[in-house]
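Only one structure is covered here, and it is reproduced in the block below.
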There are 2 protein chains.
Amino acid sequence: MRKREQVLVEIARREDGEAILSMLQQLAAWEGAPHSPRLCQSTLERDVFGADPKLRILVARNQFRKVVGFISYHENYSSWEGAAGIHIGDLWVSPAYRSQGVGSALLKYVAGPNQNRRVDVFVTRDNNARFFYERLGFEEQAQWTLYRREPGRS
Amino acid sequence: MRKREQVLVEIARREDGEAILSMLQQLAAWEGAPHSPRLCQSTLERDVFGADPKLRILVARNQFRKVVGFISYHENYSSWEGAAGIHIGDLWVSPAYRSQGVGSALLKYVAGPNQNRRVDVFVTRDNNARFFYERLGFEEQAQWTLYRREPGRS
């Protein structure tokens, strides 16, 4: 393992928008996505940096304050738990900063203050991120399968 | 198919709490859940009927205004779509009212005004509800698997 990068995790700011969108593009390309993510500067402004955020984003900065990773999440709700939980949307670390604890620093920043909440994340089946989440106490919920209706389908 | 029941779908009220909790118990038992759902009158009051609802619940009433089914949902967010979507939590129809269009009436009440939003739902793998959702335009997302950290696991 390479030395652990000293990163600072903090709430994303408007000026991080470009770096976040660039990383999101990389994430989409890595997943083999058929089109680019539709999150853009104007939706970031409305849904992340606006008065009523629908998505929370944290960034990891290296010692030069360069953004080297990000995590996005929102609240969900479980009637089973009778409580709100956390759904992790995206987690990405720039390739040059992998295996240095940046991803777990980001995840722990979200999960740490939410010890009493359920935390969910979708992982693609062929993704080694499965092992990352397992090391951090996540378990696969193989009994559930996700059904989705895409926009515009009635 | 039995005749279609004429049902009225509307936003749940405080006085529906007991009927909702009773149906949720039936749903949990049907799924073979190891403990009862933790949603209770006080969490309903806080999270559904309070000033800042975290979970939305609609009920279906028969012609005598008896509650014969319910659906719960909350907003989620997709950076892929750059937009908020809908996550369906629970959907239950009392056994005597099955196969009469009650479930699809509840789902359409949620999905109808949200044609431009992605709608997600988890289904247990062995559940015939899969076919119900498929008929209504949902597709299984077999590439994703859910990972979960339960409360209290650090």
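Each chain gets a letter, A, B and so on, in the order its sequence line appears, and its residues count up from 1. All values below come from the heavy atoms of this structure, side chains included, with hydrogens, waters and symmetry mates left out.
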- Note on the structure: Heaviest contributor of heavy-atom pairs below 4.5 Å to chain B, chosen from A:Lys54, A:Arg38, A:Glu134, is A:Arg38
- Please flag which part of A:Gln25 lies under 4.5 Å from any non-hydrogen atom of chain B: side chain, backbone, both or neither. neither
- Among A:Leu44, A:Leu24, A:Asp47, A:Thr43, single out the residue with the greatest number of heavy-atom pairs under 4.5 Å to chain B. A:Asp47
- Of the backbone (N, CA, C, O) and the side chain (C-beta and beyond), which part of B:Asp90 lies under 4.5 Å from a heavy atom of chain A, both, or neither? side chain
- Determine, using ring centers only, whether B:Tyr133 and B:Phe138 are less than 6.0 Å apart. yes
- Could you pull out the closest heavy-atom pair between B:Val68 and B:Met23, with the gap in Å? C-SD, 4.2 Å
- Message: Let's test your reading of the structure: which of A:Glu75, A:Arg46, A:Gln143, A:Gln141 forms the most heavy-atom pairs below 4.5 Å with chain B?
- Response: A:Gln141
- Gap separating the CD atom of B:Glu81 from the CZ atom of B:Arg117, nearest 0.5 angstrom: 11.5 Å
- Message: At a 4.5 Å cut-off on heavy atoms, which part of A:His87 comes close to chain B: side chain, backbone, both, or neither?
- Response: neither
- Query: More than 12 heavy atoms of other residues, nucleotides or ligands under 6.0 Å from CD1 of A:Ile11: is that the case?
  - Reply: no
- Query: Looking at B:Ser79, B:Ala111, B:Ala142, which has the largest count of heavy-atom pairs under 4.5 Å with chain A?
  - Reply: B:Ser79
- Message: For B:Val93, is there any backbone N or O sitting under 3.5 Å from a side-chain donor or acceptor partner on B:Arg98?
- Response: yes
- Region of A:Asp120 that comes under 4.5 Å of a non-hydrogen atom in chain B: both
- Message: Tell me the closest heavy-atom pair linking A:Val123 and A:Ala129, and the distance in Å.
- Response: CG1-CB, 4.2 Å
- Message: Please classify the contact between A:Arg125 and chain B as side chain, backbone, both or neither, with a heavy-atom cut-off of under 4.5 Å.
- Response: both
- Message: Which atoms of A:Leu146 are under 4.5 Å from chain B, going by heavy atoms: the side chain, the backbone, both sets, or neither?
- Response: both
- What do you reckon, are the aromatic ring centroids of B:Phe132 and A:Tyr147 less than 6.0 Å apart? no
- Under 4.5 Å from any heavy atom of chain B - which part of A:Arg130: both
- Item | Proximal component of A:Ser36, with respect to chain B [non-hydrogen, under 4.5 Å] | backbone
- A:Thr124 side chain to A:Asp126 backbone, donor-acceptor under 3.5 Å: no
- Note on the structure: chain B shares the most heavy-atom pairs under 4.5 Å, among A:Ile86, A:Asn127, A:Leu27, A:Val119, with A:Val119
- A:Glu150 side-chain N/O to A:Arg148 backbone N/O, donor-acceptor pair under 3.5 Å: no
